[in-house]
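Have a look at the structure below before the remarks.
Every chain is numbered from 1, with letters handed out A, B, ... down the list of sequences. All values reported here derive from a predicted model rather than from experimental measurement.
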Amino acid sequence: MPVKSNTPEEEALADRRFRIRHSAAHLLADAVLEIFPEAKYAIGPPVETGFYYDFDISRPFTPDDLVELEAVMKLRVGEAHPFEMSSVTKDEARELFRDQPYKQEIIDELELSETITTCKHGNFLDLCRGRHVEATSDIPAFKLLNVAGAYWRGDESKPMLQRIYGTAWESKESMEAHLSQLEEAGKRDHRILGRDLDLFSHHDQVGSGLILWHPKGAMVRSIMENHWREQHINRGYQLVYSPHIGKSSLWETSGHLDFYRDSMYEAMDVEGQEYYAKPMNCPFHVHIYDSEKRSYRELPIRYTELGTVYRYERSGVLHGMLRVRGFTQDDAHIFCMPDQIEDEIVGVLDFAFDLLSAYGFQEYEVFLSTRPEKAVGELDQWDLATNSLKNALERRDVLYSMDEGGGAFYGPKLDIKVRDAIGRSWQCSTIQFDFNLPERFDLKYVGSDGQQHRPFMVHRALFGSLERFFGVLIEHYGGAFPMWLAPTQAILIPISDRHIEYANEVQRELSSDGLRVDVDIRNERMNQKIRLAQMQKIPYMLIVGDKEKELGGVAVRLRSGEDLGIIKISDLVARIKSEIGNRE
RNA sequence: GCCACCGUAGCUCAGUGGCAGAGCAGCUGUUUCGUAAACAGCAGGUCUCCGGUUCAAAUCCGGACGGUGGCUCCA
């Protein structure tokens, strides 16, 4: 279920790539200094599929500069300079990099006990802790890709540097494969498919980060929602609904106005009272819990809602459906007793993997985040919660990575990332403990001992948000939704006008079986109709002409291009229904 | 928000100071066709918006809004 750990061969390749990319970064800095001697160089690490290097330079780099820089780098590869590491003292390092303020800053932060190492190739020297290839000639393939601004140390109060991104590989073939994967990812871009398939749009006049769901996108969403709702009811969740706004006192009690205000929209005045658009659903669910005295016999209580929230996101971070300002979380809050926690977590894990696998996700990465420095709640509660997360993962044999100190201030959490059809990871599900809200709202239940107790509270979302998950799905499927999700499952293509009547007849029959079927009655040739259906990625094209009408069937073409020949209507219905049932 | 780039018809894009363009999509007609684009005609624009320079601005300058790639943050 989760991704497997690496074999020794994979580890060796990863190490080689690290060295190649790190070395390529040195070549880049070398080239930049050659062409722009006044440039200050900052840092240049290897990253997942390449490397980057940050520079402070009087004018931004242009695409033409990249071409020139690449040429210098190629020259260095040809010159076959060895990479030579040496150790220096802190004072020597300061002297070597006396004109380089960013290097000085790094040197200042190094402990005295640490060995400071430098790396030299040709005339270029960099502060560097190492792992390179032998010589500049050992970089078989690289390419500079783009330029972007990046804050020094990722801190927006610090100066903005110019970052050059590149990619580097152990062979030309691997690089070509990577570049064509980028191209493939480009073709799957949900923003483009969203328009081409008429799924959703944005409009200037509506506002950035706000989605308009068109009928086809809304059809897919409503199928997802129905399936989701059914699953939740089966698993003992209770559906709730809550409003989109709430009074300031609610957000004061919840603490959102203290801790989350930057992400909330300004208050609106209603008869002298301040109301806020909700950035989260939890305070409402908490009040439903608190609407009567709760007994231990009622627990666990699981409330769930497709709750639409509004969060202020800075304009630069908005991205299609993946990062928006108004979105619908598939939220749930579980209230339970300490001894129920572990089973609840196991239940959520099973649910998450089950739901995600319905969408064709088979590989996951799981991250467990523990207590940060600043946190609320008792230590023993944190331990109990963290251990129950660990135990649940172990009971289900799920491999996971630890993110020590990466939890929220109010509780530890589990995040699940899915791996999509072309190998990219997307954060979806999250399971978070909350020691803060039960305290702030003074939540209680009466235990078997007749005493008042504080319940544990767990937030969880499986899709994360419908907008984001839908965007991921579009890219995962490349727009070709499986039968159960396809907004149009089949399209009838009459060969000439005289076949329209029969096509309509077949459509009525298929529709009465609950299938989503259109008829292309445009005055166009069959080829044109097939072309449109192909581009719309409709699973089944049903061609009807004289032969089909006579035999009482349809000629079936799949979007893969496969021609199934003439099939009887009843057989077709059975076939489609079986695909829907299997979520193929 | 910050850095860079971009904004011309529904979409993709030409047009570097002198009459606003093409392909696809749309509409009308002709055609009635066997597995990825029939043919013809028509229509479609405040060149994102506001201001400035100029005899003259899609084009040059400033600002706003929107988008793209990153940074920070995150569902």
Taking a pair to mean Watson-Crick or G-U wobble geometry with both distances below 3.5 Å, B:rC2 pairs with B:rG70
Round to a whole Å and report the spacing from CG of A:D198 to C1' of B:rA25. 13 Å
Under 3.5 Å, side-chain donor or acceptor atoms of residues 315-326 of chain A against the rest of the protein: list the pairs with distances, not counting sequence neighbours.
unit_1: A:R323; atom_1: NH2; unit_2: A:E313; atom_2: OE1; d: 2.6
unit_1: A:R325; atom_1: NE; unit_2: A:E313; atom_2: O; d: 2.9
unit_1: A:R325; atom_1: NH2; unit_2: A:E313; atom_2: O; d: 2.6

Classify A:Q528 by what it touches in the nucleic acid, base, sugar-phosphate, or nothing, heavy-atom distance under 4.0 Å. sugar-phosphate
For residues A:R559 and A:M541, report the shortest heavy-atom separation together with the two atoms involved. CA-CE, 3.7 Å
Out of B:rA36, B:rG34, B:rA38, which nucleotide sits closest to the side chain of A:E524? B:rA38
Please confirm whether the shortest side-chain N or O distance from A:R195 to OP1 or OP2 of B:rU12 is below 4.0 Å. yes
With a 3.5 Å limit on both atom pairs, tell me what B:rA56 is paired to, counting Watson-Crick and G-U wobble, or say none. none
Kindly write out the residues that satisfy side chain to side chain donor-acceptor pair (under 3.5 Å) with A:R371, not counting sequence neighbours, or none if the list is empty. none
Ignoring hydrogens and angles, write down the donor-acceptor pairs under 3.5 Å from the side chains of residues 350-357 of chain A, residues two or more places apart or on other chains.
unit_1: A:D350; atom_1: OD1; unit_2: A:R396; atom_2: NE; d: 2.8
unit_1: A:D350; atom_1: OD2; unit_2: A:R396; atom_2: NE; d: 3.2
unit_1: A:D350; atom_1: OD2; unit_2: A:R396; atom_2: NH2; d: 3.0
unit_1: A:D354; atom_1: OD2; unit_2: A:R235; atom_2: NH2; d: 3.1
unit_1: A:S357; atom_1: OG; unit_2: A:F353; atom_2: O; d: 3.2
unit_1: A:S357; atom_1: OG; unit_2: A:D354; atom_2: O; d: 2.9

Report the residues that fulfil side chain to side chain donor-acceptor pair (under 3.5 Å) with A:R21, sequence neighbours left out, ordered by chain and then residue number. none
Tell me the partner of B:rU16, counting only Watson-Crick (N1-N3 plus N6-O4 or O6-N4) or G-U wobble (N1-O2 and O6-N3) with both under 3.5 Å; none if nothing fits. none
Is there a side-chain contact between A:E363 and A:V418, using heavy atoms and a 4.5 Å cut-off? no
Paired with B:rA38 by Watson-Crick or G-U wobble geometry, both distances under 3.5 Å: which nucleotide is it? B:rU30
Taking all atoms of both residues into account, what is the closest heavy-atom pair of A:W251 and A:G246, and its distance? NE1-O, 3.1 Å
Measure CZ/A:R522 against P/B:rA37 and give the value in whole Å, please. 13 Å
In numerical order, the residues of residues 543-565 of chain A whose heavy atoms come under 4.0 Å of RNA chain B are A:I543, A:G545, A:D546, A:K547, A:E548, A:A555, A:R557, A:D563
Which nucleotide in B:rC33, B:rU12, B:rC3 has an atom nearest any side-chain atom of A:Q162: B:rC3
When rounded to whole Å, the CZ to C1' distance for the pair A:F61 and B:rC5 reads 16 Å
Identify, with sequence neighbours excluded, every residue that meets ring-ring contact (aromatic ring centres under 6.0 Å, His included) alongside A:H333. A:H285, A:H459
CZ of A:R525 versus P of B:rA36: gap in Å, rounded? 11 Å
Categorize A:D497 for me: base, sugar-phosphate, or nothing, with a 4.0 angstrom heavy-atom threshold over every strand shown. base
Who pairs with A:H214 by ring-ring contact (aromatic ring centres under 6.0 Å, His included), at least two apart in sequence or on another chain? none
Please determine, for B:rC24, whether a Watson-Crick or G-U wobble partner exists with both distances under 3.5 Å, and give it or none. B:rG10
Rounded distance in Å - NZ (A:K529) to P (B:rA38): 11 Å
So which nucleotide does B:rU48 pair with, by the Watson-Crick or G-U wobble rule with both distances under 3.5 Å? B:rA64
Please list all pairs passing the salt bridge (charged side-chain N to carboxylate O under 4.0 Å, His left out) test where one or both residues lie in residues 400-411 of chain A, with sequence neighbours left out. none
Any side-chain N or O of A:R498 under 4.0 Å from OP1/OP2 of B:rC33? yes
Strictly under 4.0 angstrom, non-hydrogen atoms only: write out the protein contact profile of nucleotides 65-75 of chain B, one letter per nucleotide from the 5' end, B, S or -. -SSSBBBBBBB
Measure from NE2 on A:H203 to P on B:rU48 and round the result to the nearest Å. 15 Å
